[in-house]
Amino acid sequence: MNVLIVESRRELAALWRRHLERMGARVWLACDQQTATDLLHEVPFRIIVLDLVLPEGSPLAIADFASYRQPGCQVIVVTNTSFFSDGSIFNHCANACAFLPSATPPADLAAMVEHYGQATQG
């Protein structure tokens with residue numbers, strides 16, 4: 001399963017990557033909108049782990065582009081803020097399948113990726 005992590009904090013992205021690779025995922029990292037959209041042009045992803053707070057670019061634009069370019073790709077939204085804590089992210093991001101705090105244990109995040117990644121196989 002191909003997974004794209006869009007996270008500007010490199011240490012956190014590397015931690016998530018290690019957990020996902022242990023479960024057998026192939027993982028790409030992007031720290032900004034441009035890198036993420038470039039990868040979406042080249043690699044078919046099943047899941048995107050997308051931080052809602054990026055210093056460069058718009059996370060919602062990435063999710064929107066993914067829904068256009070790769071309609072079967074699901075987005076797990078993560079954040080360390082209270083934005084969208086009311087669940088309204090699902091109204092703004094049609095391909096969002098989960099909303100998690102950035103502090104979610106990496107093993108739990110990996111389990112969510114595995115679950116939603118298998119659910120989108122077809």
Side-chain angles (χ1 to χ4, degrees):
M1 162 184 6
N2 292 342
V3 178
L4 173 60
I5 296 173
V6 184
E7 170 59 61
S8 60
R9 293 170 290 173
R10 295 183 193 280
E11 302 81 23
L12 183 57
L15 177 64
W16 290 345
R17 177 185 216 163
R18 286 191 301 274
H19 276 78
L20 293 171
E21 287 176 338
R22 272 185 256 172
M23 69 171 213
R26 289 175 306 277
V27 181
W28 284 257
L29 301 178
C31 61
D32 58 36
Q33 181 179 345
Q34 184 62 54
T35 305
T37 54
D38 288 348
L39 285 166
L40 285 162
H41 278 288
E42 299 173 17
V43 180
F45 292 104
R46 188 155 316 135
I47 297 287
I48 299 172
V49 178
L50 178 64
D51 191 336
L52 274 180
V53 180
L54 295 176
E56 294 184 39
S58 167
L60 292 178
I62 295 167
D64 188 46
F65 183 72
S67 71
Y68 164 75
R69 184 80 182 171
Q70 300 185 23
C73 182
Q74 295 290 306
V75 177
I76 296 176
V77 178
V78 295
T79 188
N80 63 356
T81 70
S82 61
F83 291 139
F84 300 114
S85 61
D86 62 354
S88 62
I89 187 67
F90 299 102
N91 296 328
H92 299 284
C93 184
N95 48 355
C97 61
F99 181 74
L100 302 170
S102 299
T104 297
D108 292 351
L109 177 64
M112 296 285 285
V113 167
E114 184 174 37
H115 171 76
Y116 285 110
Q118 290 175 355
T120 62
Q121 287 181 347

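Residues take their numbers from the sequence shown, with the count starting at 1.
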Closest contact, heavy atoms only, [X] versus [Y]:
{"X": "Leu52", "Y": "Pro59", "value": "O-CG, 3.2 Å"}
{"X": "His19", "Y": "Ala107", "value": "CD2-N, 3.7 Å"}
{"X": "Ile5", "Y": "Ala13", "value": "CD1-O, 3.9 Å"}
{"X": "Thr104", "Y": "Leu100", "value": "OG1-CB, 3.6 Å"}
{"X": "Ser102", "Y": "Val78", "value": "OG-C, 4.1 Å"}
{"X": "Gly117", "Y": "Arg46", "value": "O-CD, 2.7 Å"}

How about [X] and [Y]: do any of their side-chain heavy atoms sit closer than 4.5 Å?
{"X": "Thr79", "Y": "Val77", "answer": "no"}
{"X": "Trp16", "Y": "Leu109", "answer": "yes"}
{"X": "Glu7", "Y": "Cys31", "answer": "no"}

(request) Name all residues meeting the side-chain contact (heavy atoms from CB on, under 4.5 Å) criterion together with Ala66; count only those two or more places apart in sequence or in a different chain, and write none if there are none. (result) Leu40, Ile48, Asn95

(request) Using the test side-chain contact (heavy atoms from CB on, under 4.5 Å), find all partners of Ala61 that sit at least two apart in sequence or belong to another chain. (result) Gln33, Ser58

(request) Test Cys97 against Ile76 for side-chain contact (heavy atoms from CB on, under 4.5 Å), laying out the working first. (result) CA-CA 6 Å; Cys97 61; Ile76 296 176; 3.7 Å; yes

(message) side-chain contact (heavy atoms from CB on, under 4.5 Å) for Leu54 and Asp32? Distances and angles first, verdict last.
(response) CA-CA 7 Å; Leu54 295 176; Asp32 58 36; 5.8 Å; no

Rounded to the nearest 0.5 Å, how far does [atom2] of [Y] lie from [atom1] of [X]?
{"X": "Gln118", "Y": "Ile47", "atom1": "CD", "atom2": "CD1", "result": "10.0 Å"}
{"X": "Arg18", "Y": "Arg22", "atom1": "CZ", "atom2": "CZ", "result": "7.0 Å"}
{"X": "Trp28", "Y": "Glu42", "atom1": "CH2", "atom2": "CD", "result": "10.5 Å"}

(message) Determine whether Leu4 and Val43 satisfy the following criterion, side-chain contact (heavy atoms from CB on, under 4.5 Å), listing intermediate values before the conclusion.
(response) CA-CA 9 Å; Leu4 173 60; Val43 180; over 6 Å; no

(request) On the 0 to 90° scale, with breaks at 30° and 60°, tag the Phe65-His41 ring pair as parallel, tilted or perpendicular. (result) tilted

(message) When you compare the side chains of Asp38 and Thr35, does any donor N or O come within less than 3.5 Å of an acceptor on the partner?
(response) no

(message) Let's go through Val113 and Met1 carefully: what are the C-alpha distance in whole Å and the side-chain angles of both, what is the deciding distance for side-chain contact (heavy atoms from CB on, under 4.5 Å) to 0.1 Å, and is it a yes or a no?
(response) CA-CA 10 Å; Val113 167; Met1 162 184 6; 4.0 Å; yes

(message) Using a strict threshold of under 4.0 Å (side-chain N to carboxylate O), is an ion pair present between Arg9 and Glu11?
(response) no

(message) Walk me through whether Arg26 and Asn2 qualify under side chain to side chain donor-acceptor pair (under 3.5 Å).
(response) CA-CA 5 Å; Arg26 289 175 306 277; Asn2 292 342; 2.8 Å; yes

(message) Main chain of Gly72, side chain of Gln70: is a donor-acceptor contact present, judged purely on distance under 3.5 Å?
(response) no

